[in-house]
Amino acid sequence: MAACVDKWHPTHPGRLSKTSIYRYPPDLTTDRPPVAPPAASRNNGDEVWDEVRAEAQADVESEPLLRKFYADLVLSRPSLESALAAHLAAKLCVPGALPQDALRDLIAGALAAHPEAGRAARADLLAARDRDPACDRMVHCFLYYKGFLALQAHRAAHGLWADGRAAAALLLQSRASEVFGVDIHPGARIGGGVLFDHATGVVIGETAVIGNDVSILHGVTLGGTGKQSGDRHPKVGDGVLIGAGASVLGNVHIGAGAKIGAGAVVLRDVPEGTTAVGNPAKAIGKKATLQRRPEEQPGVTMEQRWSDYVI
């Protein structure tokens with residue numbers, strides 16, 4: 001289960017703080033052991049969903065035009081998982097070929113069978129609100145941000161893949177790639193608190209592993225180097241920031257707290273706390289002191305300037 005640093009927003013009573021950091025079990029990450037679940041929330045034990053619903057209600061009160069739209073997708077739904085299944089099914093269905101109701105049931109079943117996916121989705125919502133200055137409310141991320149939606153489609157597809165339902169998993173992958181412009185193989189393992197900022201053109205291969213609190217900008221490829229089989233894709237540690245247009249190729253390891261510059265082509269391991277830029281990518285400056293506090297890692301701070309370093 002996830003563990004939340006349970007802090008409340010000082011200026012918005014009842015709002016989760018932007019310092020809330022989540023952690024997840026090893027089936028979605030690399031080597032982190034399970035930790036205790038979060039404390040029960042004020043209402044139904046789900047603080048994130050409570051806040052999303054409260055944000056939706058506030059939007060409806062200020063914009064009555066949104067009443068039915070928000071009611072159908074958020075306010076009438078008993079849980080985040082139920083809302084995700086309905087929302088993704090509406091986005092990914094194919095009229096006359098892939099019915100919306102059947103797709104909703106497929107996604108809902110995958111999320112129910114893999115509760116870690118729902119916990120990760122909640123951390124992803126917090127990550128978007130905390131790191132993206134354009135995202136003031138989690139309900140906007142849930143409804144409109146294709147990076148978040150593509151990642152949740154992947155979480156459902158990964159559950160199906162893990163259950164041996166490869167054909168259904170590949171169906172979700174294909175539809176998500178067509179609709180959202182984000183192509184993630186269902187075999188890839190992705191941790192919690194992950195942000196795909198803008199997301200267009202992100203490609204992630206089958207044996208890739210992404211840790212917790214990672215931020216990935218648009219146009220990033222975590223791919224192979226050719227026709228190798230087996231374990232052939234990158235392993236990205238916790239708190240990593242990968243800039244726009246970067247390519248990380250092969251079974252290379254990106255250490256915790258590393259930064260990969262925009263447009264970099266990474267063909268070798270990048271040590272933890274290191275900034276790498278260029279083609280082929282090379283470390284610049286001296287290795288930064290690794291920030292052990294998750295909220296200070298590059299993947300969370302989104303600090304993309306390299307000016308503190310000398311080539």
(request) Start with the C-alpha distance between Leu172 and Leu92, add both sets of side-chain angles, then the distance that settles side chain to side chain contact (heavy atoms under 4.5 Å, CB included), and finish with yes or no. (result) CA-CA 8 Å; Leu172 286 184; Leu92 303 180; 4.3 Å; yes
(message) Between Leu98 and Arg175, does the side chain to side chain contact (heavy atoms under 4.5 Å, CB included) criterion hold? Intermediate values first, please.
(response) CA-CA 10 Å; Leu98 185 59; Arg175 290 297 298 142; 4.2 Å; yes
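Between Arg232 and Glu206 there is a salt bridge, with a side-chain nitrogen of the basic residue lying less than 4.0 Å from a carboxylate oxygen of the acidic one. By the 4.0 Å N-to-carboxylate-O rule, Glu81 lies too far from Arg119 to be salt-bridged with it.
Put simply, CD1 on Ile190 and CG on Asp124 are 9.0 Å apart, with the number rounded to the nearest 0.5 Å. Distance CD/Glu55 to CG/Asp50: 11.0 Å, rounded to 0.5 Å. Considering CD1 of Ile254 and CG of Asp269, their distance stands at 7.0 Å, rounded to 0.5 Å. Taking NE2 from His114 and NE2 from His158, the interatomic distance works out to 8.0 Å, rounded to the nearest 0.5 Å. A distance of 13.0 Å separates CE in Met138 from CZ in Arg53, rounded to the nearest 0.5 Å. Annotation: the span from Leu80 atom CG to Arg122 atom CZ amounts to 4.5 Å, rounded to 0.5 Å.
The side-chain contact (heavy atoms from CB on, under 4.5 Å) with Phe196 is formed by just one residue from the set Leu149, Leu217, Val220, Ile216; it is Ile216.
In terms of modelled atom types and a separation under 3.5 Å, the side chain of Arg131 and the main chain of Gly299 share a donor-acceptor contact.
At least one side-chain heavy atom of Val48 sits under 4.5 Å from a side-chain heavy atom of Leu126.
Of all heavy-atom pairs spanning Ala121 and Arg155, the tightest one is N-NE, 4.1 Å.
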